[in-house]
Amino acid sequence: MTDNTKASTSVSIGELARSTGLAVRTIRFYCDEGLLESRRSGGGHRIFDTDTATERLLLIRRLRSLGLGLDSITDVVREERTIAEVVAAESARLDIEFKSLAWRRASLRALEAATPGQRTHRLALLAATQDATAAHSLLEQFWRRILTQIPRRDVDGWVYWNVPEPPVDPSVDEIVAYAELVALVTDPDMKRSVQQQLLRHNPELIADRSRLYTEVGDVLEDVVVHISEGVRPHCGHELDRFVRAHAGVRGQRDSLRFREHMMIGATDTDQRIHRYWALTARFLGTRVTVGQAHHWLYDALTNSTDGGDSGRESPS
């Protein structure tokens, strides 16, 4: 033996247990799981390389202290994943877990804060939305079903515009509001009412719904600017484009009669729709919603039919 080398020593499982502070049964378990190598003595007892086994057990203990599971530790030991990779995965898992716990805590506090008269209704409301991700999916599915006939890339834009993300750490008011949003979109009549608002009268005459949604969507984007600037609903270019979009897909032309027909069976004043957008606004902050833009156009349309032909631009 030279000064630069030293002999590798071997220890029994009992000696390894005493030197590392781990129980014999724990070390035996790690051996059985393939995390720790050993060999058998002539008498059949487990024998370990002191340095290798001690280093491996120290690594396992440290990873366990961070809450990492056996599968993750196994991957590190077998060099199938790095420590950085398993730590990142565990961190992501905890983010989801904490979000779930925060959601549950807010639900319990909301139920606790309810008056005796509110409690039964609130319990039913909150019980139906106990998972934030599932609740968000229900809102998203609602709009995807309504907009099923337009290209996915366009639907994604509508969904972003209409569906608020669930708050990470909701307050009592926020979780009740989000639960109410879910209750609204799971009401079968809500889908019919929103479709009626978007398609207007005689939807069976619409030749191309995708074209209608695209053209109306362009108008709504311009109306959003007006709302942001505080411009009140009025007859003009945006309303004319809105009416022409509906008339064109029905093979008709803009006229006072057509505008009056657009008001037949209108669901724009449906309190469920207004409630949906009022609740949504709580989460979207200053972003102008589709609901606000649609209501602006509805008020402008109402003004144009009340005022006769004077609200429409003259043909160029």
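Residue numbers run from 1 in the order of the sequence given.
Considering only heavy atoms from C-beta on, Thr129 stays 4.5 Å or farther from Leu125 through its side chain. At least one side-chain heavy atom of Arg18 sits less than 4.5 Å from a side-chain heavy atom of Glu15. For the pair Ile27/Leu57, a side-chain contact is recorded, criterion being any heavy-atom separation below 4.5 Å from C-beta on. Using a 4.5 Å cut-off on side-chain heavy atoms (C-beta onward), Val185 and Leu181 make no contact. Contact check for Phe98 versus Val168: no side-chain heavy atoms found under the 4.5 Å cut-off. With a 4.5 Å cut-off on side-chain heavy atoms, Asp169 and Arg105 count as touching. Residues Leu70 and Phe29 meet the side-chain proximity criterion, which asks for heavy atoms closer than 4.5 Å. Contact of the Val11 side chain with the Ile47 side chain is not registered, since no non-hydrogen atoms from C-beta on lie closer than 4.5 Å.
Few gaps surround NE2 on His234; more than 12 heavy atoms of other groups in view lie less than 6.0 Å from it. Shown here is Glu55, whose CD atom has no more than 12 heavy atoms of other residues, nucleotides or ligands within 6.0 Å. At most 12 heavy atoms of other shown residues, nucleotides or ligands fall within 6.0 angstrom of atom CZ in Arg25. With a 6.0 Å radius and a threshold of 12 heavy atoms from other residues, nucleotides or ligands, Arg62 has its CZ atom at or below the threshold.
Judged by distance alone, with hydrogens and angles left aside, the side-chain atoms of Arg200 form no donor-acceptor pair with the main-chain N or O of His246 at under 3.5 Å. Within the 3.5 Å criterion, the main-chain N or O of Asp49 finds no donor-acceptor partner in the side chain of Thr52. The backbone N or O of Glu204 sits nowhere less than 3.5 Å from a side-chain atom of Asn202 that would complete a donor-acceptor pair. Formation of a donor-acceptor pair under 3.5 Å by the Arg64 side chain with backbone atoms of Leu68 is found in this model. Arg250 places a side-chain N or O within 3.5 Å of a backbone atom of His201 that can act as its donor or acceptor partner. Put simply, the side chain of His294 never gets that close to the backbone of Asp268: no donor and acceptor are under 3.5 Å apart. Judged purely by atom type and a 3.5 angstrom limit, Ser91 has no side-chain atom pairing as donor or acceptor with the backbone of Val87. Counting only distance, with no hydrogens or angles, the side chain of Thr148 and the backbone of Arg145 share no donor-acceptor pair below 3.5 Å. A side-chain donor-acceptor contact under 3.5 Å links Arg56 to the backbone of Leu35. Under the 3.5 Å distance criterion, the side-chain polar atoms of Gln130 are matched with a main-chain donor or acceptor of Leu126.
Interatomic distance, CZ of Arg78 versus CD1 of Ile73, reported as 12.5 Å (0.5 Å rounding). Rounding to the nearest 0.5 angstrom, the gap separating the CD atom in Gln196 from the CD1 atom in Ile273 is 9.5 Å. In this structure, the separation between CD on Glu85 and OG1 on Thr82 is 3.5 Å, given to the nearest 0.5 Å. Going from atom CG of Leu220 over to atom CD of Glu215 covers 12.0 Å, rounded to the nearest 0.5 Å. Asp173 CG to Leu279 CG: the interatomic distance, rounded to the nearest 0.5 Å, is 11.0 Å. Taken from CZ in Phe142 to CG in Leu147, the straight-line distance is 9.0 Å, to the nearest 0.5 Å.
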Acceptor/donor pairs from residues 187-195 side chains to any protein atom, 3.5 angstrom cut, sequence neighbours excluded:
{"from": "Asp187", "atom 1": "OD1", "to": "Asp189", "atom 2": "N", "distance (Å)": "3.0"}
{"from": "Asp187", "atom 1": "OD2", "to": "Arg272", "atom 2": "NH1", "distance (Å)": "3.3"}
{"from": "Ser193", "atom 1": "OG", "to": "Asp270", "atom 2": "OD2", "distance (Å)": "2.7"}

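By the 4.0 Å N-to-carboxylate-O rule, Glu180 lies close enough to Arg275 to be salt-bridged with it. By the 4.0 Å N-to-carboxylate-O rule, Arg144 lies close enough to Asp156 to be salt-bridged with it. Salt-bridge formation is detected for the pair Glu90/Arg93: a Lys NZ or Arg NE/NH1/NH2 atom is positioned less than 4.0 Å from an Asp or Glu carboxylate oxygen. A salt bridge does not link Arg232 with Asp299: every distance from a Lys NZ or Arg NE/NH1/NH2 to an Asp or Glu carboxylate oxygen is 4.0 Å or more. A salt bridge between Asp222 and Arg241 is present, with a side-chain N of the basic residue lying under 4.0 Å from a carboxylate O of the acidic one.
Of the N and O atoms on the side chains of Arg259 and Ser304, at least one donor lies less than 3.5 Å from an acceptor on the other residue. Residues Thr280 and Thr289 have side chains that never bring a donor and an acceptor to within less than 3.5 angstrom of each other. There is a side-chain donor-acceptor pair under 3.5 Å between His226 and Glu238.
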### Query
Could you walk me through whether Ser12 and Phe48 pass the side-chain contact (heavy atoms from CB on, under 4.5 Å) check?
CA-CA 6 Å; Ser12 68; Phe48 303 86; over 6 Å; no

### Message
One pair to check against side-chain contact (heavy atoms from CB on, under 4.5 Å): Thr54 and Leu58. What are the steps and the verdict?
### Response
CA-CA 6 Å; Thr54 300; Leu58 181 60; 5.5 Å; no

### Task
Carefully, step by step, assess Leu59 and Leu63 under the rule side-chain contact (heavy atoms from CB on, under 4.5 Å).
CA-CA 6 Å; Leu59 172 63; Leu63 293 176; 3.9 Å; yes

### Query
Taking it one step at a time, do Arg244 and Arg253 satisfy side-chain contact (heavy atoms from CB on, under 4.5 Å)?
CA-CA 7 Å; Arg244 283 199 296 266; Arg253 299 184 64 183; over 6 Å; no

### Query
Please walk me through it: do Tyr178 and Trp103 pass ring-ring contact (aromatic ring centres under 6.0 Å, His included)?
CA-CA 11 Å; Tyr178 211 90; Trp103 193 264; 5.7 Å; yes

### Task
Output, in order, the C-alpha distance, side-chain angles, deciding distance and verdict of ring-ring contact (aromatic ring centres under 6.0 Å, His included) for Phe242 and His237.
CA-CA 9 Å; Phe242 177 67; His237 183 56; over 10 Å; no

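Outside the 6.0 Å centre-distance limit, the rings of Tyr160 and Trp143 are not counted as a close aromatic pair.
The stretch residues 26-38 participates, sequence neighbours left out, in these side chain to side chain donor-acceptor pair (under 3.5 Å) pairs: Asp32-Arg46.
For the residue pair Arg81 and Ala89, the shortest heavy atom distance occurs at NH1-CB, 4.0 Å. Between Lys99 and Pro166, the closest heavy-atom pair is NZ-CG, 4.2 Å.
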